[in-house]
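Everything below concerns the one structure shown next.
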Amino acid sequence: MRVKGLLYKVFEFKIDRSLYKQQMQKIIESQPNLRTFQDTVDDVILRGDKITGVVTRIGLKLSAKVVILTAGTFLNGVVHIGSNHYSAGRMGASPSISLADNLRKLHLNVARLKTGTPPRLDRRSINFSNLEKQTSDLYAAPLSFLSTESNNRPKQIDCFITRTQPKTHDIILNHLHESAIYSGNIQGVGPRYCPSIEDKVKRFTDRTSHQIFLEPEGLHAYEIYPNGISTSLPYEVQEAFVRSIPGLEHVNITRPGYAIEYDSFDPQDLRPTLETKQIENLFIAGQINRTTGYEEAAAQGVYVGINAARKVQGQSEWVPKRHEAYIGVMNDDLITCGTNEPYRMFTSRAEYRLLLRPDNADHRLTPIGRELGCVSDQRWQVFLKKQKDMAAALDYVKRTRVTLTADQQKIFKEKFNQALTPGLTIFQLLQRPTLRYAFLEKLLTLSPIADDIRYSVEIEARYEGYIARQKIEINRLKKDEGTVIPSTFNYDSIPSLSNEIRQKLKKIKPGSIAVAGRIPGVTPAALSVLRVYLKRHTEKIDCMW
Ligand SMILES: Cc1cc2nc3c(=O)[nH]c(=O)nc-3n(C[C@H](O)[C@H](O)[C@H](O)COP(=O)(O)OP(=O)(O)OC[C@H]3O[C@@H](n4cnc5c(N)ncnc54)[C@H](O)[C@@H]3O)c2cc1C
């Protein structure tokens with residue numbers, strides 16, 4: 001976990017790959033009413049513009065009311081290492097070529113993208129003695145609200161930090177022309193914010209060093225994932241530059257780094273539920289929607305699963321708003337604005353970050369999940385208890401007024417360089433940037449508050465004004481969200497719109513003024529004009545009746 005101030009806590013969890021896999025397998029296998037079957041899908045079955053099933057490699061036809069396609073980097077996947085390239089879904093896995101070729105016949109907009117990975121290293125050949133150790137936080141919130149620190153905390157192991165050297169950069173620059181990316185072998189666009197090491201060295205020439213995290217792949221794994229040196233240089237060059245890095249002088253590479261190119265689909269071809277506009281009942285999720293990253297794929301998986309299941313059951317769709325969940329931000333960004341490069345869900349993309357916090361994720365989403373039928377009784381009970389505890393804690397800090405004794409005042413003054421005004425509530429005190437509940441708890445022997453609740457209470461107090469302002473803004477926006485733009489609206493009827501804006505609106509066909517406002521390049525002035533014309537359009541329709 002990395003902390004940047006109280007609010008900007010960045011959680012980073014390293015998960016043991018094999019434990020995770022085992023656990024997920026267990027969950028899938030114990031799911032009631034779920035039948036699993038494994039084979040490669042080669043084609044889709046269509047009836048008109050509707051998908052009705054898939055055909056597998058052994059010719060088996062499987063009918064389906066809906067199909068969810070999550071083929072990752074496998075569609076026409078090509079792995080590149082230096083000038084070597086071969087078809088693969090990822091290293092050691094076959095690509096999906098027949099399916100990719102058949103999907104290209106569906107008139108969905110396809111583009112090649114690329115992503116990459118670093119070489120993996122043998123931990124036993126690394127000299128950790130002079131490297132900076134990064135230990136796990138003593139208190140790290142569990143991933144699940146169902147877990148408690150005591151019932152589910154596996155052994156923690158350390159990461160280490162090392163850095164590239166000027167010599168490393170020389171080796172990379174001298175061999176840049178041999179990198180698959182720079183030799184012109186790769187056409188696909190890569191993720192801007194996860195550049196390869198050759199990209200970083202070439203683009204940031206003023207930097208003499210780049211940080212590398214040496215992350216164990218698991219509790220008992222020998223492999224180390226050197227985060228920060230993704231590369232598609234030839235194997236020999238990878239070995240040379242890696243061995244120029246402190247601690248890695250004698251390292252053995254267990255698997256080379258590589259870049260991979262694959263087919264991706266334009267998310268602007270999707271409805272907000274991730275169903276394709278062109279083919280009814282075909283849903284697409286994950287990396288092939290031009291995102292990259294585990295979290296981005298996992299979030300789409302949950303979301304598309306919910307919506308596809310609801311469609312089969314004839315229920316309404318669930319499309320979270322931007323202020324409700326990061327899934328809402330990601331989907332809206334992708335579907336409204338599209339992307340030409342692999343998209344990552346950075347917190348900075350969310351305008352309501354104060355509301356979209358990990359600590360209140362359950363508060364925002366568990367009631368919705370319960371309504372959608374995805375929240376078990378056990379989770380619901382844990383949630384209700386937490387809500388009750390949170391309300392009690394907020395009530396306590398808002399009610400309790402503090403007046404210090406002379407001795408307490410002295411301690412306070414020593415720490416904060418000023419005396420405490422008597423009679424303020426704890427809630428008011430927590431609005432001071434450097435004052436934490438733990439300090440007051442000790443000073444005044446207050447009632448202890450559980451870690452997770454205390455953290456939420458502190459944020460609610462510290463950012464009360466900002467949070468209130470964001471809520472006002474959201475309410476204002478609701479009006480724009482309610483201003484529907486009919487799909488038949490004629491943008492050519494507005495002469496004062498610039499050609500560029502008109503083309504964008506015609507292509508994306510935003511469903512509301514709020515969505516139109518998020519299309520890059522659509523100005524506030526254009527929105528005002530649009531509002532006026534929409535009003536006239538609606539009045540005209542009213543008159544016709
Ligand atoms: C080399 C590499 C390293 C990465 N490292 C990181 C990282 O460190 N951190 C991070 O956040 N993200 C990383 N990513 C990205 C991350 O792995 C992906 O974004 C994420 O796994 C995408 O999930 P997905 O479910 O969309 O696809 P995938 O995880 O790729 O899964 C696709 C699945 O579809 C199956 N499949 C494909 N075609 C067919 C077919 N025709 N029939 C049946 N099944 C099929 C495949 O077997 C596979 O199981 C990396 C990606 C790559 C390629």
Side-chain angles (χ1 to χ4, degrees), residues 1-11 137-142 145 148-150 323-324 347 350-367 381-478:
M1 178 175 64
R2 300 183 196 152
V3 182
K4 291 185 186 167
L6 180 61
L7 187 64
Y8 295 106
K9 253 187 187 178
V10 182
F11 291 97
D137 292 274
L138 282 177
Y139 171 75
F145 288 108
T148 61
E149 215 182 329
S150 52
H323 64 269
E324 289 176 323
T347 51
E351 58 278 49
Y352 305 114
R353 289 204 286 293
L354 282 176
L355 302 177
L356 301 185
R357 309 188 310 259
D359 68 283
N360 71 359
D362 56 346
H363 177 73
R364 287 182 280 119
L365 298 170
T366 306
Q381 290 312 321
V382 170
F383 169 74
L384 291 180
K385 180 174 180 313
K386 190 178 156 201
Q387 291 301 99
K388 209 171 132 207
D389 292 350
M390 177 75 189
L394 270 175
D395 180 59
Y396 173 67
V397 296
K398 284 184 174 173
R399 219 172 7 88
T400 310
R401 293 190 181 275
V402 174
T403 299
L404 302 184
T405 62
D407 284 349
Q408 288 167 339
Q409 192 69 275
K410 200 172 151 226
I411 299 173
F412 190 90
K413 220 170 158 187
E414 262 167 28
K415 182 151 172 85
F416 295 104
N417 235 354
Q418 62 181 136
L420 181 74
T421 320
L424 294 176
T425 63
I426 301 176
F427 192 79
Q428 286 168 318
L429 289 177
L430 290 175
Q431 288 172 341
R432 290 174 176 233
T434 47
L435 191 58
R436 305 293 301 265
Y437 187 82
F439 173 78
L440 291 175
E441 186 187 321
K442 210 165 143 203
L443 184 70
L444 300 162
T445 41
L446 298 174
S447 305
I449 301 179
D451 285 337
D452 52 341
I453 306 277
R454 191 184 61 223
Y455 175 64
S456 298
V457 166
E458 285 178 328
I459 290 183
E460 291 289 333
R462 177 88 50 86
Y463 298 99
E464 189 191 24
Y466 296 100
I467 291 174
R469 237 176 288 159
Q470 291 211 334
K471 285 185 178 162
I472 292 170
E473 218 176 290
I474 289 163
N475 280 334
R476 196 171 42 80
L477 199 79
K478 273 188 186 151

Discussion item. Set out, in order, the CA-CA distance, both residues' side-chain angles and the distance that settles side chain to side chain contact (heavy atoms under 4.5 Å, CB included) for Ile467 and Leu355, then state yes or no.
Written reply: CA-CA 7 Å; Ile467 291 174; Leu355 302 177; 3.7 Å; yes
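- Phe416 meets the ring-ring contact (aromatic ring centres under 6.0 Å, His included) test with Phe412, Phe439; sequence neighbours excluded.
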Discussion item. Applying side chain to side chain contact (heavy atoms under 4.5 Å, CB included) to Gln470 and His323, what does each step give before you reach the verdict?
Written reply: CA-CA 9 Å; Gln470 291 211 334; His323 64 269; over 6 Å; no
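- With hydrogens and angles ignored, the 3.5 Å screen pairs a side-chain donor or acceptor of Tyr396 with a backbone N or O of Ser447.
- Checked by atom type and distance alone, the side chain of Glu464 never pairs as donor or acceptor with a backbone atom of Gln428 at under 3.5 Å.
- Within a 6.0 Å sphere centred on CG of Asn417, heavy atoms belonging to other residues, nucleotides or ligands number 12 at most.
- Between Pro448 and Glu441, the closest heavy-atom pair is CB-OE2, 3.6 Å.
- Residues Leu420 and Arg432 are in side-chain contact: their nearest non-hydrogen atoms beyond the backbone lie under 4.5 Å apart.
- Within the 4.5 Å cutoff, the side chain of Arg399 has no heavy atoms near those of the Thr425 side chain.
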Practice prompt. I would like to know whether Leu444 and Thr400 meet side chain to side chain contact (heavy atoms under 4.5 Å, CB included); could you show each step before the answer?
Written response: CA-CA 11 Å; Leu444 300 162; Thr400 310; over 6 Å; no
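- For the atom pair Arg454 CZ and Glu458 CD, the distance stands at 6.0 Å (nearest 0.5 Å).
- Taken to the nearest 0.5 Å, the CD atom of Gln409 stands 9.5 Å off from the OG1 atom of Thr403.
- Tyr437 contributes atom OH, which lies 3.5 Å from atom CD1 of Ile449 (distance to the nearest 0.5 angstrom).
- Here the shortest heavy-atom pairing between Ala361 and Phe145 reads CB-CE1, 4.2 Å.
- Leu384 places a side-chain heavy atom less than 4.5 Å from the side chain of Gln381.
- Put simply, the side chain of Ile426 does not reach to within 4.5 Å of the side chain of Val457, judged on heavy atoms.
- Remark: the backbone N or O of Leu365 is not paired with any side-chain donor or acceptor of Glu324 at under 3.5 angstrom.
- Across all their heavy atoms, Arg401 and Gly423 have their closest contact at NH1-O, 2.9 Å.
- Atom CG of Leu404 is separated from atom CG of Leu443 by 6.0 Å, given to the nearest 0.5 angstrom.
- Electrostatic pairing of Lys410 and Asp407 does not count as a salt bridge here, judged by no charged N lying under 4.0 Å from a carboxylate O.
- Under a 4.0 Å N-O distance rule, the pair Glu460/Lys398 does not qualify as a salt bridge.
- Between the CZ atom of Phe427 and the CD atom of Gln431 there is a distance of 5.5 Å, given to the nearest 0.5 Å.
- Looking at residues two or more places apart in sequence or on another chain, you find a side-chain hydrogen bond (donor to acceptor under 3.5 Å, both in side chains) between Ser456 and Asp359.
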Worksheet item: Can you check side chain to side chain contact (heavy atoms under 4.5 Å, CB included) on Leu356 and Arg364, steps first, answer last?
Response: CA-CA 8 Å; Leu356 301 185; Arg364 287 182 280 119; 3.6 Å; yes
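- Between the OG1 atom in Thr445 and the CD atom in Gln408 there is a gap of 7.5 Å [rounded to 0.5 Å].
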